[in-house]
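Okay, structure first, notes after.
One is the number of the first residue; the rest follow in order along the sequence. Everything numeric here is computed off the predicted structure, so don't read it as measured data. The analysis underlying the following values was restricted to heavy atoms, covering all of them including side chains, and did not include hydrogens, waters or symmetry mates.
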Amino acid sequence: MTKSQKTNIAAIILIALLGLAVYANSLGNGFVYDDEFVIENKPFLSSWSNLRYFFSPRYFADSGETTHRPLVTLTYFLDYSLGGPNPFAYHLNNIIFHILSGILCYCFLLYLIPALDKKLPPKSLALLATLLFICHPIQTEAVDGIAFREDILAALFCFASLFFYLKTKLISGRKKLPFYILSVLCYFFALLSKESALPLILIILLIDLCYQKDTQRIRDPAYPFFIKFVHYFGYIGIICLYLFIRFIWMVYPLAPLGAGKGVGYLGGSLYTALLTTSRIFVSYLGLFLFPLRLTVDHFSKYILDPSYSFLEPRVLFSLLILGLIFVFIIRSFRYQKILAFSGLWIFIFLLPVSNILPLNQAMAERYLYLPSIGFCLFLALVLVRFFYLSPNRFMRNTAIVSIILILFLYSLRTITRNRDWKDSFVLWSNTIETSPNSWKAHNNLGIAYAAIGKTGEAIALYNRAIEINPEEVTGVVTEVYSNLGAAYAAIGKHDQAIASYNRAIEINPDYAEAYYNLGNTYNTIGKTEQAIASYNRAIEIDSRFAEAYYNLGTTYTAVGKTEQAIASYDRAIEIDPDYAEAYYNLGKTYSAISKVEEAIASYNRAIKIDPNYAKAHINLAVTYYDEKQYSLAIHHCDRAVELGHRVHPEFLKALEPFR
């Protein structure tokens, strides 16, 4: 093994150790934020056979995702296989993916740095930039939020793609082909992780523009035009394939039905959105430099206070800062390509989150995961130059102390920030402290309180969220009204619940969840016709709303409409083949009309899905008893008893002679 190889192995070990050190205290965290929608209580993740639905409409219903990101969902299957529903395995794998991302970043930079500036020490610069990337506190949202793994995986495959691309520039002839294919494939994998990887092709163009080795050859008129640019075709083809999958084949089915209603341009137009985004970009640069006030909801501050004029002082200040940065980048391009490259990297990868297209969240720290390597490379370059150009030992020691101090402070802030992601109570309470006007934080903390039965606290938080975010500003307040209705329903205040649901529907007539909850409340107070109408409206909006079909079935059963009930249960099962409760109720309905074989089949299916379904066992036992299949009746009755179900003494007595 050469000295260079030993150095690289030592660097990789150091990167891994730092990643484990700064994120070790996140391993005990639970599921928070979007984890609750795409990971927690998702039976879909428990069976590898469900992979066949990755390119079908069932993907969205079963995965909880609203965007097609199959590669990310695939890793959740791996998490479940390793640790079941326990969050430990998910957090551990997030850390591992973050470390792997750092290692691939280091490998990519080892090839990039000498290609841009042969005078720089590539190993020192690449290692320092990667260590800053690994421990920078801005990464905590992507690493601590399991559902934000998409940003890590997109970056990981982007680094891999660029590494293989740079390898092709050092090899001639047919030996290029395997590395080129790997580069293109990694680009595709990055896109299947998150669309934020799209600008990678611009980075490849930038590398070609800056790459020193090929400068003379590319300028040579004898060098064929086709050969110069043919290597881009593979990446362009991957972009076309991805856009076809993303916008034609695998479109979120609720998108045309208003599920995203309320998501619009900041301030109501592209012009105001771009003005406001200039301020957001400057805030991002501030977070790179001073990652102190971290929060999961910067969004509310900006959407409630958009910029409407180019002449606003805060807009002028932001544009001045950005303008000076771009002047610096342009001036650096000729003599300091690596400085220009690091700056352009940041802004190129910020393009997908620049609000040119409206985003659900206008500003988020996880958006900076991939752009952050540009800042880390710039900061590493400043520190390394300070060390190598220092005229005496004191200045070099000062440079070393500065490097250690920055790494220490970034690591310490990351460790403390990990604690804020412990659970929903800690996360959203902390967010209310850092962003007091965050409607989202109040709403989500209210959900957490409602889940443990503290309904009064939940109602107060929901009302505060509505007060902060009035409906004339944005339609997303419909979710808060729906949650408020559920809280009122939980304490028996049905009139207030109905009023809240109706207010949510008034704001957004296509909000299926509000109709569903309204149907539940009508059912509770015995207004079955209104309940049926509400469930049917929810189904009209979302044709794959399995719970609405299920509750519609129970309501039809209650009013004696057996055929409609069976049809509703069948549709719920069609949407969710693992819906054990639907099979159980279907079995009860078949039993009521003396379709014994169908009832037995339904109960058995419910038990196959959930072997601990005590009610299904006892109902199956009774059905087998009536059919004089006493051994099976005894088996299922005993199983129900084992599971703690209270079996009627008369039935136990009836089974005794057959034991």
Side-chain angles (χ1 to χ4, degrees), residues 51-60 63 65-75 104 108 149-169 174 176-211 214 218 224-256 260 263 270 344-345 347-360 367 369-371:
L51 294 180
R52 65 185 185 274
Y53 301 122
F54 270 31
F55 288 87
S56 76
R58 274 197 60 179
Y59 171 81
F60 297 104
S63 70
E65 295 279 9
T66 58
T67 306
H68 188 236
R69 290 168 183 165
L71 206 62
V72 182
T73 308
L74 178 64
T75 65
L104 285 167
F108 154 59
R149 180 182 295 173
E150 57 207 27
D151 292 278
I152 302 175
L153 291 178
L156 186 155
F157 286 111
C158 279
F159 295 143
S161 179
L162 291 170
F163 168 74
F164 290 124
Y165 180 70
L166 285 168
K167 287 280 286 185
T168 67
K169 301 182 83 63
R174 294 182 179 179
K176 286 178 178 282
L177 187 59
F179 293 106
Y180 176 75
I181 292 172
L182 285 171
S183 178
V184 171
L185 279 176
C186 285
Y187 186 29
F188 187 48
F189 294 153
L191 291 172
L192 291 180
S193 300
K194 193 174 183 181
E195 59 276 5
S196 59
L198 268 171
L200 182 70
I201 191 168
L202 298 179
I203 297 294
I204 290 172
L205 287 167
L206 183 60
I207 289 173
D208 284 351
L209 187 63
C210 298
Y211 199 74
D214 285 345
I218 289 175
F225 177 86
F226 179 77
I227 298 299
K228 286 184 191 178
F229 299 104
V230 69
H231 61 283
Y232 298 132
F233 294 167
Y235 301 99
I236 293 170
I238 286 298
I239 291 173
C240 294
L241 175 59
Y242 171 73
L243 293 177
F244 169 76
I245 294 171
R246 173 72 173 78
F247 293 105
I248 298 176
W249 184 3
M250 293 297 295
V251 179
Y252 180 51
L254 290 187
V263 178
L270 176 59
L344 288 172
W345 176 287
F347 291 103
I348 286 172
F349 277 114
L350 281 177
L351 283 174
V353 293
S354 60
N355 295 291
I356 295 173
L357 296 176
L359 300 172
N360 280 305
Y367 296 164
Y369 188 89
L370 191 48

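Applying the side chain to side chain contact (heavy atoms under 4.5 Å, CB included) criterion to Ile348, with sequence neighbours excluded, gives Pro199, Leu202, Ile203, Leu206, Leu344. Tyr369 is linked by a ring-ring contact (aromatic ring centres under 6.0 Å, His included) to His98, Phe133, counting only residues two or more places apart in sequence or in another chain. Applying the side chain to side chain donor-acceptor pair (under 3.5 Å) test to Ser354 and every residue at least two apart in sequence or in another chain returns nothing. Annotation: side chain to side chain donor-acceptor pair (under 3.5 Å) contacts of Tyr59 (sequence neighbours excluded): Thr73. By the side chain to side chain contact (heavy atoms under 4.5 Å, CB included) test, Leu243 pairs with Ile239, Phe247, sequence neighbours left out. Every residue two or more places apart in sequence or in another chain was checked for a ring-ring contact (aromatic ring centres under 6.0 Å, His included) with Phe244, and none qualifies. In this view, Tyr242 satisfies the side chain to side chain donor-acceptor pair (under 3.5 Å) rule with no residue, not counting sequence neighbours.
In this structure a side-chain-to-backbone donor-acceptor pair under 3.5 Å is missing from Tyr235 to Ile204.
Within a 6.0 Å sphere centred on CZ of Arg174, heavy atoms belonging to other residues, nucleotides or ligands number 12 at most.
When all heavy atoms of Leu359 and Tyr367 are compared, the closest pair comes out as CD1-CE1, 4.3 Å. In plain terms, the two heavy atoms of Leu74 and Leu51 that are nearest each other are CD1-CD2, 3.7 Å. Heavy-atom minimum distance, Val251 versus Ile248: CG2-N, 3.7 Å.
Side-chain contact check for Tyr187 versus Leu198: some heavy-atom pair is nearer than 4.5 Å. Side-chain contact between Trp345 and Leu370: present, with at least one pair of heavy atoms (C-beta onward) separated by less than 4.5 Å.
Counting only residues at least two apart or in different chains, salt bridge (charged side-chain N to carboxylate O under 4.0 Å, His left out) contacts with residues 351-360 are absent. Legend: salt bridge (charged side-chain N to carboxylate O under 4.0 Å, His left out) pairs involving residues 231-251, not counting sequence neighbours: none detected. Within the structure, the side chain to side chain donor-acceptor pair (under 3.5 Å) test picks out the following pairs touching residues 152-167 (sequence neighbours left out): Tyr111-Lys167, Ser161-Ser183, Tyr165-Asp208, Tyr165-His231.
Annotation: Phe55 is in aromatic contact with His68 [ring centroid separation under 6.0 Å].
Atoms CZ and SG, on Phe108 and Cys158 in that order, are 9.5 Å from each other to the nearest 0.5 Å. Going from atom OG1 of Thr168 over to atom CD1 of Ile181 covers 11.5 Å, rounded to the nearest 0.5 Å. Rounding to the nearest 0.5 angstrom, the gap separating the CD1 atom in Ile356 from the CG atom in Leu351 is 6.0 Å. Atom-to-atom distance recorded for Ile207:CD1 and Leu162:CG is 5.0 Å, nearest 0.5 angstrom.
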N/O donor-acceptor pairs under 3.5 Å from side chains in residues 188-197, not counting sequence neighbours:
{"residue": "Ser193", "atom": "OG", "partner": "Phe189", "partner atom": "O", "Å": "2.9"}
{"residue": "Lys194", "atom": "NZ", "partner": "Asp151", "partner atom": "OD1", "Å": "2.8"}
{"residue": "Lys194", "atom": "NZ", "partner": "Asp151", "partner atom": "OD2", "Å": "3.3"}
{"residue": "Glu195", "atom": "OE1", "partner": "Arg69", "partner atom": "NH2", "Å": "3.0"}
{"residue": "Glu195", "atom": "OE2", "partner": "Arg69", "partner atom": "NH2", "Å": "2.7"}

